[in-house]
Amino acid sequence: MSPTAARRRVHRSVTTGLPLALAAALVATGTAAAAPSEEARVVRMATLGEIPLGAFGNALLPGSVDDDHGVRLGGIGSDIYPAGRKGEYWMVTDRGPNGQIKVDGKKRRTFPVPGFDPAIVRIRVSGSTVEVIDAIPVTTSSGKAVTGLPDQRGRDEAPYTYDARTPLSHNPNGLDTEGIVRAGDGSFWLADEYGPSLVHVSARGRVLARYVPEGLTLTGTDYPVVEALPSVLLHRKTNRGFEGLALLPGGDLVMAVQSPLSLPDADAGDASRTTRLLRFSPRRKAVTAEYAYRFDPVGVVDPGEDDTSELKISSVVAVGRDRLLVEERTDRSARLQLVRLGRGADILGGPWDDDATSPSLEQLDDPAAAGVPVLPKRLVVDLGTVAGVPGKIEGIARVDDDTLALVNDFGMTDGEGAFDARGRLVDSGVKTTVVYVRLPKKL
């Protein structure tokens with residue numbers, strides 16, 4: 001069956017309610033949280049039910065999943081983007097279920113379902129239920145699964161089976177998709193953590209081009225790779241590449257580097273509060289601007305947390321021609337900041353893109369005092385103070401002038417206790433949930 005036919009099959013299955021490969025009941029939970037009208041408040045919640053991951057994957061690409069180890073579809077909330085109809089959104093999975101287990105004192109990255117293929121998923125929020133109404137597999141030029149496996153030996157984590165005992169092969173086609181927008185021509189743009197890279201995907205899910213940093217030298221892919229991003233991005237932290245992606249009204253894209261670069265080393269990156277946003281022109285196929293973004297202190301974002309390396313950007317959302325909502329978060333809390341992308345803030349091609357510059361941008365205690373045009377920002381809402389908002393919010397969409405749709409990441413049980421004696425996943429109880437938050441003021 002072709003990927004297109006498989007996609008149509010999924011669409012028919014979930015819309016008729018009698019799925020052949022997606023037979024699952026969608027479970028509804030959650031209620032609105034009460035709050036004073038002058039404060040941000042949750043006005044609606046909807047939850048994705050239990051869909052077997054193997055059934056989901058094999059409906060898209062038959063035979064791709066041998067054993068899902070009892071994992072359910074859950075990690076579709078890496079990002080959320082309006083689909084044009086009320087209550088409908090495009091979402092994207094990440095690289096699939098993964099965890100970490102210590103072996104001989106060292107953590108190993110596990111991939112319980114190595115055949116999992118990242119997918120673009122269309123959902124409908126119906127009452128308190130999230131319905132999957134369409135799904136598109138992300139594939140190579142020849143229609144094969146890109147998979148979510150790491151790309152390059154030595155640069156990316158080594159992948160292992162669910163029990164961390166057996167090594168898996170790297171895959172240069174692999175993508176850890178984290179951000180999604182849909183262009184006017186029906187194609188999609190995805191943000192990837194591995195490269196980091198910006199991936200252009202057709203309306204049917206085939207990778208048209210993958211834009212990576214200069215000097216990455218990613219070979220062996222079954223799709224075009226273009227070295228069009230600044231080489232300084234080669235210093236991204238492991239597993240902390242592009243996370244947020246926004247489509248500006250004029251057609252340009254903005255990608256957010258999840259965490260400060262490891263420049264000149266990992267210790268500097270872990271201690272830094274300065275990360276980067278990049279502006280990309282699809283017409284020119286080039287980065288046209290770069291901006292320095294400064295996190296608030298970690299204890300402000302997440303009271304009680306003292307590890308600066310826990311700070312991340314997970315989502316960026318366009319709210320005007322040059323304005324963005326930026327989500328600063330840890331795994332427990334998040335705050336939304338409003339920034340304006342002024343021309344005077346562009347640092348592209350300057351000394352901060354030269355990895356020989358010392359001190360680096362990431363090492364500066366006060367970048368603004370050192371002459372760096374850090375983006376000004378204004379706090380819109382502290383989601384940690386809004387009753388009913390779950391942890392680890394990864395995707396945000398603008399519903400209207402004063403309402404946002406948030407989606408959390410799937411919470412898979414981690415560590416040695418993640419799987420039982422039969423090799424089946426122990427349920428963490430954390431579900432993918434779409435939460436509507438009404439703001440006290442219009443954006």
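Worth saying up front: this structure is predicted, and the values here are computed from it rather than measured.
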> Under 30°, 30 to 60°, or over 60°: which ring-plane class applies to Trp189 and His200, parallel, tilted or perpendicular?
Replying inline: parallel

> Quick one: does Ser197's side chain have a donor or acceptor within less than 3.5 Å of a partner on Val199's backbone?
Replying inline: no

> Under the 3.5 angstrom rule, does the side chain of Glu178 hit a backbone N or O of Ala191 as a donor-acceptor pair?
Replying inline: no

> Name the one of Ile123, Val130, Val434, Val121 that satisfies side chain to side chain contact (heavy atoms under 4.5 Å, CB included) with Leu48?
Replying inline: Val130

> Tell me, which pairs form a side-chain hydrogen bond (donor to acceptor under 3.5 Å, both in side chains) where one or both residues lie in residues 434-443, sequence neighbours left out?
Replying inline: Tyr89-Tyr436

> Are side-chain heavy atoms of Leu208 and Val201 found at a separation under 4.5 Å?
Replying inline: no

> Would you say Asn408's side chain and Lys431's backbone share a donor-acceptor pair under 3.5 angstrom?
Replying inline: yes

>> Looking at every heavy atom in both Ser333 and Gly384, which two are closest together, and how far apart are they?
In response: OG-CA, 3.6 Å

>> I'd like to know if the side chain of Arg124 reaches the main chain of Arg85, judged simply by a donor and an acceptor atom lying under 3.5 Å from each other, with no hydrogens or angles considered.
In response: no

>> Run the salt bridge (charged side-chain N to carboxylate O under 4.0 Å, His left out) test against Asp382 and tell me which residues pass, sequence neighbours left out.
In response: Arg335

> Is a side-chain donor or acceptor of Arg206 paired with a backbone partner of Lys144 at a separation under 3.5 angstrom?
Replying inline: no

> Should we say atom CZ of Arg321 is surrounded by more than 12 heavy atoms from elsewhere, each under 6.0 Å from it?
Replying inline: no

> Would a distance-only check, ignoring hydrogens and angles, find a side-chain to backbone donor-acceptor pair under 3.5 Å from Asn171 to Val146?
Replying inline: yes

>> Could you walk me through whether Asp322 and Arg343 satisfy the salt bridge (Lys or Arg N to Asp or Glu O under 4.0 Å) test, starting with their C-alpha distance in whole Å, then the side-chain angles of each, then the deciding distance to 0.1 Å, before giving a yes or no?
In response: CA-CA 10 Å; Asp322 60 356; Arg343 290 186 178 181; over 6 Å; no

>> Has Glu227 got a side-chain atom pairing as donor or acceptor with Gly215's backbone, closer than 3.5 angstrom?
In response: yes

> What heavy-atom pair brings Ala292 and Thr274 nearest, and what distance separates the two atoms?
Replying inline: CB-CG2, 4.3 Å

> Just by distance, do the side chain of Thr47 and the backbone of Thr129 share a donor-acceptor pair under 3.5 Å?
Replying inline: no

> Going by an N to O cut-off under 4.0 Å, is there a salt bridge joining Arg122 and Glu88?
Replying inline: yes

> Minimum heavy-atom separation for Pro260 to Ser272, with atom names?
Replying inline: CG-O, 3.4 Å

> Where is the tightest heavy-atom contact between Leu60 and Ile136, given as atom of each residue plus distance?
Replying inline: CD2-N, 4.5 Å

> Hey, is Arg95 close enough to Asp117 for a salt bridge, meaning N to O under 4.0 Å?
Replying inline: no

>> Consider side chain to side chain donor-acceptor pair (under 3.5 Å). Of Arg276, Arg273, His235, which one does Glu362 pass it with?
In response: Arg276

>> Please evaluate residues Leu261 and Thr275 with respect to the criterion side chain to side chain contact (heavy atoms under 4.5 Å, CB included), reporting the C-alpha separation (whole Å), side-chain torsions for both, the decisive distance (0.1 Å), and the verdict.
In response: CA-CA 7 Å; Leu261 301 178; Thr275 190; over 6 Å; no

>> Quick one, Pro172 and Gln152 - any side-chain contact, counting heavy atoms below 4.5 Å?
In response: no

>> Tell me whether Arg41 contacts the main-chain N or O of Gly388 through its side chain, where contact means a donor paired with an acceptor under 3.5 Å.
In response: no

>> For the backbone of Asp222 and the side chain of Asn173, can you confirm whether one donor and one acceptor N or O come within less than 3.5 Å of each other?
In response: yes

>> Taking the basic N atoms (NZ, or NE/NH1/NH2) and the acidic carboxylate oxygens, is any pair closer than 4.0 Å for Arg329 and Asp302?
In response: no

> How long is the span from the CZ atom in Arg240 to the CG atom in Asp270, to the nearest 0.5 Å?
Replying inline: 8.0 Å

> Sequence neighbours excluded, which residues qualify as side-chain hydrogen bond (donor to acceptor under 3.5 Å, both in side chains) partners of Asp66?
Replying inline: none

> How would you list, by chain and number, every residue that makes a salt bridge (charged side-chain N to carboxylate O under 4.0 Å, His left out) with Arg323, sequence neighbours excluded?
Replying inline: none

>> With side chain to side chain contact (heavy atoms under 4.5 Å, CB included) as the criterion, how do Val254 and Leu278 come out once you've worked through the C-alpha distance, each side chain's angles and the decisive distance to 0.1 Å?
In response: CA-CA 5 Å; Val254 178; Leu278 290 99; over 6 Å; no

>> My understanding is that only residues two or more places apart in sequence, or in another chain, count here; which of them pass side-chain hydrogen bond (donor to acceptor under 3.5 Å, both in side chains) with Tyr293?
In response: Glu328

>> Using side chain to side chain contact (heavy atoms under 4.5 Å, CB included), reason through Thr161 and Thr110 one step at a time and then give a plain yes or no.
In response: CA-CA 5 Å; Thr161 52; Thr110 62; over 6 Å; no

>> For a quick test of reading the model, state the closest non-hydrogen atom pair linking Glu394 to Ser315 and the distance between them.
In response: O-CB, 3.7 Å

> So, do Phe111 and Tyr160 have ring centers that fall under 6.0 Å from each other?
Replying inline: no

>> For Asp252 versus Ser281, what's the shortest heavy-atom pair and its separation?
In response: OD1-CA, 3.6 Å

> Taking only residues two or more places apart in sequence, or in another chain, which ones meet Asp176 in a side-chain hydrogen bond (donor to acceptor under 3.5 Å, both in side chains)?
Replying inline: none

> So, Arg236 and Asp156, do they make that salt bridge, N to O below 4.0 Å?
Replying inline: yes

> Taking 4.0 angstrom as the limit, do Asp331 and Lys312 come out as a salt bridge?
Replying inline: yes

> Of Asp400, Asp401, Asp402, which is the lone residue that meets side chain to side chain donor-acceptor pair (under 3.5 Å) with Arg398?
Replying inline: Asp401

> Where do Ile80 and Val92 land on the side chain to side chain contact (heavy atoms under 4.5 Å, CB included) test, with the steps shown first?
Replying inline: CA-CA 7 Å; Ile80 182 170; Val92 66; over 6 Å; no

